[in-house]
Amino acid sequence: MLTIQKKEQRVGLKPLPNVKGKVVMRFAPNPNGPLSLGHSRGVSILAEYWRMYATDGPMGHAAGSELLLRFDDTDPQVKPPLMDAARGWNGYEMIRSDFKWLTGKDPSRVVVASDRIKIYQDAARDLIRVGGAYVCNCDAETFKALKDAKTPCPHRDQTIEHNLAGFDGMCNGTTKKGAAVLRVKTDIQHPHPGLRDWTAFRVVATDAIHPRETLGQIPRHHAWPLLDFQSAIEDHLQGVTHVIRGKDLMDSTRKQTFLYKHMGWTYPETLYWGRVSVHEFGKFSTSMMRRAIEAGKFSGWDDPRLPCLAALRRRGYSAGAVRAFWVNLGLTEKDIAVSLTNLDAEDAKANEPGAHRLFFVPDPQLLHIDGVAGKVAKPLRNPNRPDAGHRTLTAEPHLVVAKDDLAPRLRLKDLGNIEQAGGHGKFTDDVMDRSLAIVQWLPKSLALPFTVLKPHFETDAEAAAAGDDGPEDEPLAPGAKPELEVPPLLEITGLVEPSVTTEVGKVVQLERFGFVRVESPERGVWLHT
RNA sequence: GCUCCGUUAGUCUAGUGGCCAAGGAUUUAGGCCUUUCAAGCCUGCGGCACGGGUUCGAAUCCCGUACGGAGCACCA
């Protein structure tokens with residue numbers, strides 16, 4: 001008997017392919033700066049699978065799941081790790097705390113690649129012994145020309161002994177930068193030029209000293225592995241079963257597959273996500289942000305205008321909302337352009353139920369109102385949760401309301417109706433009249449000065465009005481480095497009710513203004529409307 | 001130039017030959033509710049890039065075109 005079943009909507013991420021036993025994954029950032037919103041896609045997706053395949057997760061089984069944090073810090077010269085004691089910056093520590101904030105957990109294991117250079121060098125020797133790699137003495141231009149012509153270079157057929165000796169020279173410092181690299185043999189005729197005999201190891205410049213070498217945390221190394229080699233070896237060593245990474249690394253998978261074949265290993269299952277651009281933040285990179293901060297254009301990695309997790313955390317975004325945002329987008333190879341609007345909607349769901357309401361009066365105007373003194377307003381801390389209690393505001397003759405709210409007749413929220421002209425007026429009644437604007441107000445003597453820092457990102461309408469089609473890719477002058485756009489940071493000043501002092505560190509909703517994270521009794525940072 | 005990936009409403013996504021006259025989220029318009037222009041509830045607008053083919057039947061399979069993106073580093 002055949003039964004037709006209605007297709008069921010799948011919620012959340014697709015199941016991982018080819019799961020047998022424990023699921024082991026890794027998040028592998030370069031610690032050249034803290035994590036950004038872009039990195040958080042990877043962490044969020046990986047953390048979701050980590051949860052799904054945990055022993056007690058929805059897809060779980062006894063073997064469980066692991067998510068490793070691996071610092072891919074094998075570049076002492078171009079993108080060295082961020083370690084600036086004077087500024088208190090440490091990429092490793094910043095990423096560990098970003099990871100913990102976002103996932104709520106510590107990683108299953110932490111691997112620091114620069115601790116393990118000797119292991120990679122030994123792995124390279126193993127690869128040479130099986131005939132999978134050779135030491136190439138061509139300079140970069142020469143090799144490129146040969147490679148583009150699908151022609152093997154003269155070093156490709158050297159003996160294993162010769163290669164081993166050459167590699168020793170690279171490791172012990174007798175071979176200088178540029179004089180030799182170790183290449184993995186692939187297929188010099190391969191149709192894809194990027195896959196032909198790729199570089200596994202290079203000798204770094206004598207003055208390119210890794211920050212951890214300077215600090216004596218690791219011994220001095222001359223020959224450092226490139227990402228594709230280090231990552232491939234480490235994935236095998238750590239028993240990684242599933243690699244999930246950006247689509248830009250598709251060719252890495254193909255390169256590394258050659259290496260795995262030489263070694264007789266099985267390559268992990270690999271999934272990709274497409275390129276993401278976030279409308280509000282434009283084009284950015286960790287190094288661009290670092291330069292801009294060092295130049296004083298931003299106050300730090302947590303400047304509210306920056307796409308760093310530190311900045312989102314400071315503004316009050318819930319980590320769960322950031323994760324939900326990415327999990328909802330799913331894992332697709334399509335390149336996407338998203339707006340922060342979706343994150344804000346997700347965050348509102350997370351923050352709104354717990355956020356206390358506060359009266360905030362921007363651009364305050366003083367009113368002298370007869371007949372209000374002593375009247376008491378008891379607005380709820382959260383109208384959707386009466387059990388959260390209320391604040392108490394006692395009116396006095398001098399009140400403030402926002403300049404934009406000024407009108408001949410007004411309803412002071414939770415207090416009553418007034419009429420005024422030129423700043424003087426009187427209390428009329430407290431009969432509910434929905435035709436009046438209901439405005440926030442404060443007793444002058446109790447109101448506290450409050451400033452909200454609000455990043456101003458260009459909206460589509462503004463961009464259209466300004467007549468530009470987004471960031472233009474003008475060719476940079478030789479040697480020039482791309483600069484980060486610096487959006488304005490507005491400082492909105494006003495008065496807030498005294499109970500702000502009990503909200504420090506929390507997200508509040510300033511009624512009819514927006515959600516703000518209170519940093520101190522005097523200052524808040526804009527979250528969203 | 002060579003190689004690879006992608007294309008469902010404004011945005012993101014579900015969908016792997018009939019259950020799809022395409023579902024969800026967000027955005028947006030309107031309404032309800034409400035002592036916030038928040039939240040909540042209801043309703044509406046809006047989409048399978050294009051052209052061929054296979055098939056009784058295609059968003060789904062094949063071919064081509066267009067458009068978008070990535071890689072071709074002694075960076076990650």
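Everything numeric here is computed off the predicted structure, so don't read it as measured data. Chain letters run A, B, ... following the sequence lines, proteins first, then strands; residues in each count from 1.
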May I ask you to say what [X] touches in the nucleic acid, namely base, sugar-phosphate or nothing, with a heavy-atom cut-off under 4.0 Å?
{"X": "Pro353(A)", "value": "nothing"}
{"X": "Ala348(A)", "value": "nothing"}
{"X": "Asp430(A)", "value": "nothing"}
{"X": "Asp335(A)", "value": "base"}
{"X": "Ser231(A)", "value": "nothing"}
{"X": "Cys136(A)", "value": "nothing"}
{"X": "Glu346(A)", "value": "nothing"}
{"X": "Thr286(A)", "value": "nothing"}
{"X": "Gly178(A)", "value": "base"}
{"X": "Leu226(A)", "value": "sugar-phosphate"}
{"X": "Arg196(A)", "value": "nothing"}
{"X": "Asp72(A)", "value": "sugar-phosphate"}
{"X": "Ala345(A)", "value": "sugar-phosphate"}
{"X": "Asp414(A)", "value": "base"}

Distance test, side-chain N/O of [X] to OP1/OP2 of [N], below 4.0 Å:
{"X": "Arg254(A)", "N": "rC72(B)", "result": "no"}
{"X": "Thr341(A)", "N": "rU11(B)", "result": "no"}
{"X": "Arg275(A)", "N": "rA70(B)", "result": "yes"}
{"X": "Lys349(A)", "N": "rA39(B)", "result": "no"}
{"X": "Thr199(A)", "N": "rC74(B)", "result": "yes"}
{"X": "Thr332(A)", "N": "rU13(B)", "result": "yes"}

When the distance from [atom1] of [X] to [atom2] of [N] is rounded to whole Å, what number comes out?
{"X": "Asn342(A)", "N": "rU28(B)", "atom1": "CG", "atom2": "C1'", "answer": "13 Å"}
{"X": "Asn351(A)", "N": "rU36(B)", "atom1": "CG", "atom2": "C1'", "answer": "17 Å"}
{"X": "Leu227(A)", "N": "rG71(B)", "atom1": "CG", "atom2": "P", "answer": "13 Å"}
{"X": "Asn328(A)", "N": "rU13(B)", "atom1": "CG", "atom2": "P", "answer": "11 Å"}
{"X": "Asn137(A)", "N": "rC74(B)", "atom1": "CG", "atom2": "P", "answer": "14 Å"}
{"X": "Leu271(A)", "N": "rC5(B)", "atom1": "CG", "atom2": "C1'", "answer": "14 Å"}
{"X": "Lys14(A)", "N": "rU16(B)", "atom1": "NZ", "atom2": "C1'", "answer": "10 Å"}
{"X": "Ile336(A)", "N": "rG10(B)", "atom1": "CD1", "atom2": "P", "answer": "17 Å"}

Next on the checklist: Can you confirm whether more than 12 heavy atoms, excluding those of Lys150(A), are under 6.0 Å from its NZ atom?
Outcome noted: yes
Checklist entry - Do other residues, nucleotides or ligands put more than 12 heavy atoms under 6.0 Å from Arg125(A) CZ? => result yes
Next on the checklist: Donor-acceptor check, side chain of Trp526(A) to backbone of Arg315(A), threshold 3.5 angstrom: yes or no?
Outcome noted: no
Checklist entry - For Glu352(A), does its backbone N or O pair with a side-chain atom of Asn382(A) as donor and acceptor, under 3.5 Å? => result yes
Which nucleotide, if any, forms a Watson-Crick or G-U wobble pair with [N], using both distances under 3.5 Å?
{"N": "rA22(B)", "result": "none"}
{"N": "rU65(B)", "result": "rA49(B)"}
{"N": "rU28(B)", "result": "rG44(B)"}
{"N": "rA59(B)", "result": "none"}
{"N": "rG1(B)", "result": "rC72(B)"}

Rounded distance in Å between the [atom1] positions of [N] and [M]:
{"N": "rU11(B)", "M": "rG69(B)", "atom1": "P", "answer": "15 Å"}
{"N": "rG23(B)", "M": "rA9(B)", "atom1": "P", "answer": "14 Å"}
{"N": "rA14(B)", "M": "rC72(B)", "atom1": "P", "answer": "29 Å"}
{"N": "rC42(B)", "M": "rU54(B)", "atom1": "P", "answer": "47 Å"}
{"N": "rA59(B)", "M": "rC2(B)", "atom1": "P", "answer": "34 Å"}
{"N": "rA76(B)", "M": "rG71(B)", "atom1": "C1'", "answer": "14 Å"}

Closest listed nucleotide, where the reference is the side chain of [X] and the choices are [options]:
{"X": "Arg434(A)", "options": "rC5(B), rC74(B), rU35(B)", "value": "rU35(B)"}
{"X": "Met250(A)", "options": "rC75(B), rC4(B), rC12(B)", "value": "rC4(B)"}
{"X": "His192(A)", "options": "rU36(B), rC72(B), rC75(B)", "value": "rC72(B)"}
{"X": "Arg183(A)", "options": "rC74(B), rU13(B), rA76(B)", "value": "rC74(B)"}
{"X": "Lys247(A)", "options": "rU35(B), rG68(B), rC75(B)", "value": "rG68(B)"}
{"X": "Lys334(A)", "options": "rG71(B), rU36(B), rU8(B)", "value": "rU8(B)"}
{"X": "Glu352(A)", "options": "rC72(B), rA39(B), rC12(B)", "value": "rA39(B)"}

Donor on one side chain, acceptor on other, [X] and [Y], under 3.5 Å:
{"X": "Asp73(A)", "Y": "Ser114(A)", "value": "yes"}
{"X": "Asn351(A)", "Y": "Tyr317(A)", "value": "no"}
{"X": "Thr253(A)", "Y": "Tyr272(A)", "value": "yes"}

Checklist entry - Which heavy atom of Val135(A) sits nearest a heavy atom of Phe167(A), and at what distance? => result CG2-N, 3.6 Å
Checklist entry - Hey, is the side chain of Gln509(A) pairing donor to acceptor with the base of rU36(B) inside 3.5 Å? => result yes
Next on the checklist: Among Val516(A), Val508(A), Leu312(A), Val507(A), which residue satisfies the side-chain contact (heavy atoms from CB on, under 4.5 Å) criterion with Leu527(A)?
Outcome noted: Val507(A)
Next on the checklist: For the aromatic rings, using the six-membered ring if either is Trp, is the centroid distance between Trp273(A) and Trp326(A) under 6.0 Å?
Outcome noted: no
Checklist entry - Of Ile438(A) and His190(A), whose closest RNA chain B nucleotide lies nearer the 5' terminus? => result His190(A)
Checklist outcome for this item: Note: for Asn30(A) and Gly330(A) on RNA chain B, the residue whose nearest nucleotide lies more 5' is Gly330(A)
